[in-house]
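Written below as structure tokens is the structure these notes are about.
In this text, all values refer to a predicted model and were calculated from it rather than measured experimentally.
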Amino acid sequence: MTDPYKVLGISPNATDEQVKAAYRELAKKYHPDNYANNPLSDLAEEKMQEINQAYDAIVAQRRAGGQSGSYSGGAYAQGASQFADIRRMINSGRLAEAQELLDGVAAASRDAEWYFLKGSIYYSRGWLDDALQSFQKACQMNPQNSEYSAAYNQLLWQRQNGRPQYGGGSYQTGSVGGCSCCDICAAMYCANCCMDCCGNSCF
């Protein structure tokens, strides 16, 4: 791939904050929503993917043990996928950054994992109605994934057991705000088993 620093228009010696700032500026400029019904939409989508890949490459390379300078005309060894990085962001409470990265993913590239992570952000913020919809979509796209099923079934269980009413993403509760993806899945496992016993599933 092209030198990721060149893609973001920054020096290899740029600080992490400068990398993030450059990524955000470009992501905002080339976000697919800005090119809806525009003949340049395909080009913008390709550019957005290139920007995401460049940012992921820089992050992965720096985490592997180098600030910069190890790019040599080939490609970075990416030890973690884009979505794996986003999972770590969610787990560490960096919800705004995680959502920004998710929103920058082109619509055509939004798979079951994308919807699960989106639902995890909604869940962590207490927006349970939106979380339910995202988890359901993840289940529909990958019905064999037990993690997605656990998340979806847990929210159904909460509804059936007298949780407060909410709507439009406005309901919030402090008991949800500190949850990470892993916390959610661990807490949901038993409820998922109960739902399976009752014959409930993602569909």
Testing the basics here: between [X] and [Y], what is the closest heavy-atom pair and its distance to 0.1 Å?
X	Y	value
Val7	Leu26	O-CD1, 3.6 Å
Glu45	Ala108	OE2-CB, 3.8 Å
Ala112	Ala138	O-CB, 3.4 Å

Within this structure, what is the [atom1]-[atom2] distance for the pair [X] and [Y], rounded to the nearest 0.5 Å?
X	Y	atom1	atom2	value
Asn153	Leu132	CG	CG	10.0 Å
Tyr122	Leu128	OH	CG	12.5 Å
Asn52	Leu101	CG	CG	7.0 Å
Trp127	Gln133	CH2	CD	13.5 Å
Leu43	Asn38	CG	CG	9.5 Å
Met89	Leu117	CE	CG	11.5 Å

Just jot down the side-chain hydrogen bond (donor to acceptor under 3.5 Å, both in side chains) partners of [X], sequence neighbours excluded, or say none.
X	value
Arg24	Glu100
Ser11	none
Gln99	Arg125

Counting C-beta onward and ignoring hydrogens, is there a side-chain heavy-atom pair between [X] and [Y] closer than 4.5 Å?
X	Y	result
Leu155	Tyr123	yes
Phe116	Phe135	yes
Ile58	Asp16	no

Looking at residues at least two apart in the chain, or sitting in another chain, which of them share a side chain to side chain contact (heavy atoms under 4.5 Å, CB included) with [X]?
X	answer
Glu17	Thr15, Lys20
Ala27	Tyr23, Met48
Val59	Tyr55, Arg63, Asp85
Asp42	none

Would a distance-only check, ignoring hydrogens and angles, find a side-chain to backbone donor-acceptor pair under 3.5 Å from Ser134 to Ala131?
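Looks like no, no N/O pair under 3.5 Å.
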So, Ser149 side chain and Asn145 main chain: donor-acceptor pair closer than 3.5 Å or not?
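Such a contact is found between Ser149 side chain and Asn145 backbone.
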Holding to salt bridge (charged side-chain N to carboxylate O under 4.0 Å, His left out), I want the full list of residues that pass it with Arg110, two or more places apart in sequence or in another chain.
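For Arg110, no residue satisfies salt bridge (charged side-chain N to carboxylate O under 4.0 Å, His left out) once neighbours in sequence are set aside.
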Strictly by salt bridge (Lys or Arg N to Asp or Glu O under 4.0 Å), give each pair with a member in residues 113-122 just once, sequence neighbours left out.
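As it turns out, the salt bridge (Lys or Arg N to Asp or Glu O under 4.0 Å) pairs with a partner in residues 113-122, which skip direct neighbours, are Arg87-Glu113, Asp103-Lys118.
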Just say parallel, tilted or perpendicular for the rings of Tyr35 and Tyr30, cut-offs at 30° and 60°.
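Ring orientation, 0 to 90° scale: parallel.
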Below 4.0 angstrom, N of the basic side chain to O of the carboxylate: do Glu50 and Lys47 qualify?
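Answer for the salt bridge query: yes.
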